[in-house]
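Worksheet for the structure shown next.
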Amino acid sequence: MSWLAAPLFLALLIFGSNFWITDSNRFQLLPFPSDYTDEEQAAMEAALKHRDPTMLRALSEAAEDGDSRAMNLLGMVYDPAFAADFPEPQQKNAELATAYYRKAADLGNPRGMTNAGLNLMGRDDLLACEYFYKAIDVGVSTGTTLYRAGLCHYKARADGPERMAKGFQLLERAVSAGYVDALVTLGSIYAEQNPPDTHRAIDYLQRSIAANAQGSAYANTRLGDIHFFGAYGVQDFAKAHTYYQRAFRQGSDQAANQLAFMYSKAHYGLRIDHAKAYEYAAFAAEKGNQVGHYNVALAYFYGNGTSRNWDKAAAHFLNAISLGHKDGLQIMLEFGPKYPPDFIRILQQKLARAVLYPGPMDGKFNTDTRRAVEELLNKKISF
């Protein structure tokens, strides 16, 4: 009878004492609890991480028998979002993961509801919101679920004040659950609403930094924006500079753009320093920021903060437009005919290599050049 030990142990591990054996010798399940115990979950995840085919087979059979816990875990196995937790040989498949999550959710599994919502985000946001709402209705109180459900309600605020109030309530509950992103989001909302609640926005953003100093680039950037643009007496360029510097040191390309702007003008409490402005813009450009590319293009075109280089200027102008910089496109179309022929010729050469310009390298901002530049918008081509 030793041959029964392994499968019986596996069944006990997965189902606990929640089964009986019928005449057909198959495991038939009593009503399932909503989740595995921590011990069961840890044991199964460890087996899956070690690529144990027996565990995957057992979970598949349990799912077929209606075990929503197994369905949810199988969704995680196939979900690309859990690639680090559950490596191959399981083939990642977002659609298959969605199917498992939704089956689990439809059977009332709370984790399945949350995971279905997270899995559907960006593909079907309305349906994702419905699953977050269901999770809240059955009592899920994790920070992630509260936050996502709160965002769903807030984004639907045009449907009425009740929706917006519910969104704020859930976001506040996410804050109480320790979800730092909820602090950042509430801070941004208070800063952007009309009229803005600037002081409350500052409070939430500062609390988010205190809770997660290493991951606060966005919060520092938003605080910089609040003090830079000012509202209700909080405009303070020195504070804005301090916050932007902190965000820049944490890798924010948006803060780098703002610093580049501040160092290129004379009325923000800083001495004009084109070299610094260029360095900040170059940092943003290296991060793939369209505004950064445009500012670097200007620096090379005019020789501000760096040596004049029309080849590099052309490349950065085109990179900015390719990344979606509509203002750069309009300026190029408006002033293109006035640019030096040597510069236009460089543009034509680069556009030709990208198979966008079929005309002669004549240094004239002709119809083909204009059309090629227009077609470049949002192409995501690197020059």
Between [X] (side chain only) and [Y] (backbone N and O only), is there a donor and an acceptor less than 3.5 Å apart?
| X | Y | answer |
| --- | --- | --- |
| T114 | R111 | no |
| S216 | A219 | no |
| T221 | A217 | yes |

message: When you measure from the centre of the six-membered ring of Y190, is the NZ or CZ of R200 closer than 6.0 Å and no more than 45° off the axis?
response: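 Verdict for Y190: a cation-pi partner in R200.
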field: Six-ring centre of Y131, K134 cation under 6.0 angstrom, axis tolerance 45°
entry: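 Ring-cation test returns yes.
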Can you see whether [X] engages [Y] through a side-chain donor-acceptor pair at a distance of less than 3.5 angstrom?
| X | Y | value |
| --- | --- | --- |
| Y204 | D197 | no |
| Y300 | Y278 | yes |
| E334 | Q330 | no |
| N295 | Y280 | no |
| N289 | N257 | yes |

task: Take T98 and R123 through the test side-chain hydrogen bond (donor to acceptor under 3.5 Å, both in side chains) and record every step on the way to the result.
output: CA-CA 11 Å; T98 301; R123 295 189 290 132; 2.6 Å; yes
I'd like to know whether the aromatic ring centres of [X] and [Y] sit less than 6.0 Å apart in this structure.
| X | Y | value |
| --- | --- | --- |
| H316 | F383 | no |
| F248 | H241 | no |
| Y154 | F168 | yes |

message: Checking D362 against Q348 for the side-chain hydrogen bond (donor to acceptor under 3.5 Å, both in side chains) test, could you report, in this order, the C-alpha distance in whole Å, the side-chain angles of both residues, the deciding distance, and whether it holds?
response: CA-CA 8 Å; D362 57 7; Q348 290 171 335; 3.0 Å; yes
query: Charged N to carboxylate O below 4.0 Å: is that the case for K350 and D311?
result: yes
